[in-house]
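Only one structure is covered here, and it is reproduced in the block below.
Keep in mind it's a predicted model, so treat the numbers as computed, not measured. Order of appearance sets the numbers: ligands from 1, and atoms from 1 within every ligand. Heavy atoms only: backbone and side chains are in, while hydrogens, waters and symmetry mates are out.
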Amino acid sequence: MTNELPLQIDNTLKQGLQSQLFSEIRRLLLGGYLRPGTALPATRELASRLGVSRNTVLLAYERLIAEGYLETRPAIGTFVSEHLPESALYLERETPPIATQASSPVAHTAPIFHGIPHAVYNQDGDRLSIDFKVGRPDPRSFPVNRWRQLLNRHLQLARDNLTEYHDPVGIRPLRQAIADHLGPARGITVDPGQVLVVAGCQEALNIIARLFVQPGTPVVTECPGYQGAVNLFESYGAAVLPVSVDREGLVTEDLPLEGARLAYLTPSHQYPLGHTLSLQRRLELLEWAQRHGVYLVEDDYDSDFRHHGAPLTALKGLDRADSVIYLGTFSKSIGAALRMGYMVLPEALVEPARTVKTLLNNGQPWLDQAVLAEFIASGGFANHLRRIRRLYLQRRDCLIAALERHFGQVKLSGLEGGMHLAWRLPSGAPSARVLEAALRQQGVGIYSLPSGAAFCSGHDSLVRRTLMLGYAALTESQIEQGIERVAAILMHRHEAQGTTAGTS
Ligand SMILES: Cc1ncc(COP(=O)(O)O)c(C=O)c1O
């Protein structure tokens, strides 16, 4: 038991006590001060020592439990999880324990930044023979030949393009190609001047946070939602306001009546559960944003893949009041390693965003932009999308069929589009985390919500019962073998339980 946690809580800060306590405990955990299995102080005791309400401690513990950092053992107490979320595992190895830092002879200036990375970098992916990692395109479908041709051509014609600085918001041909693509693809009519080329959605979120977020700024996010966005906003000190989601996406009825400055959401394929925001809710959301002067951040990360029905027009396409900041990425449609995405900005934000992008990095690499621009403008991107859409649909169907073959009627969400689905585990199955750990030992990657970069504060039962399965990067035979191994583990556990019950 750790009674003397060196927690630094300051009630003069704008950041709420609960959020501070959450970050502090997570800091100790990631720094190696709290090891897996360590018992945490009882909530009443910790509350009294810190001079905060017991509820504050309870809520901070609940969130740490939901995100997989802590676990409860009924009637015993709260402990550091034996199986930490993936993001914690690799941070732990990289950050020296606090004890080592303290004994270091030179005390350098401590960083004031407190941010937590989200689990997108699949650090032990090489050890998995079958990996249902979420949101990965098929590596074998990368358009290598066309890319090589375009690279060679642009290198030959480059002249001073490789030695000069370019417009930080992106080269004109790429902004034009993106604007031309968005009309037919997403119902967004946009002038290329409103397009800003960025290093993926993650940089776009940084630009937005730089423009709007300071300690205490209220930011609405979906819950469950995307950890990459929540962690980013929290790293700027935002007070995150989680709003629940259901089958129609974000529950607009639960939106705060006042105070919000920004709202971040994934309307096309809600992350992580995969629901599509209904048209009615889209309209209500736009009306709410306009009434309260809130900017909506529409993260359209995997909307290139719509398996059923016509795609709903993007929020941005319905936006008459310039309330929507639209984010697109090529991470899903071509490859995450390109680090290429874009924002479509309301008029009023074009210049402020240009300034932030200039201060950040003076723009994206010219060669990558030139190649991508021609890839889109020459029709290569449309062909590539047509090809991989077909492939991903087949893989999705193969996954559904494999799940049904082994488990009968399965509760799935997110089937209409995207590259992953969420599976509500059958009752009696071990928790998602236990399954994830067991399968990992056999070289199969399946993902509980926290390991799949999902933010799920206060959703313990959803976390216990939900698995995320990405299918786009796996062959049909890998999908079948992977689900067969999931079934074997479940069957084995079921039999072991039956044996125990029979002998007791
Ligand atoms: C919800 C969501 N948004 C955006 C991204 C993509 O981010 P980026 O464009 O920075 O690669 C991801 C990737 O996993 C995601 O899950």
Got a salt bridge between [X] and [Y], using NZ or NE/NH1/NH2 to carboxylate O under 4.0 Å?
X: Lys316; Y: Asp300; value: no
X: Asp368; Y: Arg339; value: no
X: Asp246; Y: Arg281; value: yes

Could you tell me, atom by atom, which parts of ligand 1 come under 4.0 Å of a heavy atom of [X]?
X: Thr329; value: 8 (P), 9 (O)
X: Gln202; value: 10 (O)
X: Cys201; value: 4 (C), 7 (O), 8 (P), 9 (O), 10 (O)
X: Tyr271; value: 1 (C), 16 (O)

Ligand 1 contact by Glu203, heavy-atom criterion under 4.0 angstrom:
no

Top protein contact for [atom], by heavy-atom distance:
atom: atom 15 (C) of ligand 1; answer: Tyr226 CZ, 3.4 Å
atom: atom 10 (O) of ligand 1; answer: Arg339 NH2, 2.8 Å
atom: atom 14 (O) of ligand 1; answer: Lys332 NZ, 2.9 Å

Indicate, as side chain, backbone, both or neither, the part of Ser331 found under 4.0 angstrom from ligand 1 when only non-hydrogen atoms are considered.
side chain

Going by the closest heavy atom to atom 2 (C) of ligand 1, which one wins out of Asp299, Asp300, Thr266?
Asp299

What do you reckon, are the aromatic ring centroids of Tyr471 and His420 less than 6.0 Å apart?
no

Would Tyr301 and Tyr271 count as a close aromatic pair, with their ring centres under 6.0 Å?
yes

Working for salt bridge (Lys or Arg N to Asp or Glu O under 4.0 Å), residues Glu71 and Arg433
CA-CA 11 Å; Glu71 59 196 16; Arg433 289 192 157 285; over 6 Å; no

List the atom of Asp302, the atom of His269, and the distance in Å for their closest heavy-atom pair.
OD2-ND1, 2.9 Å

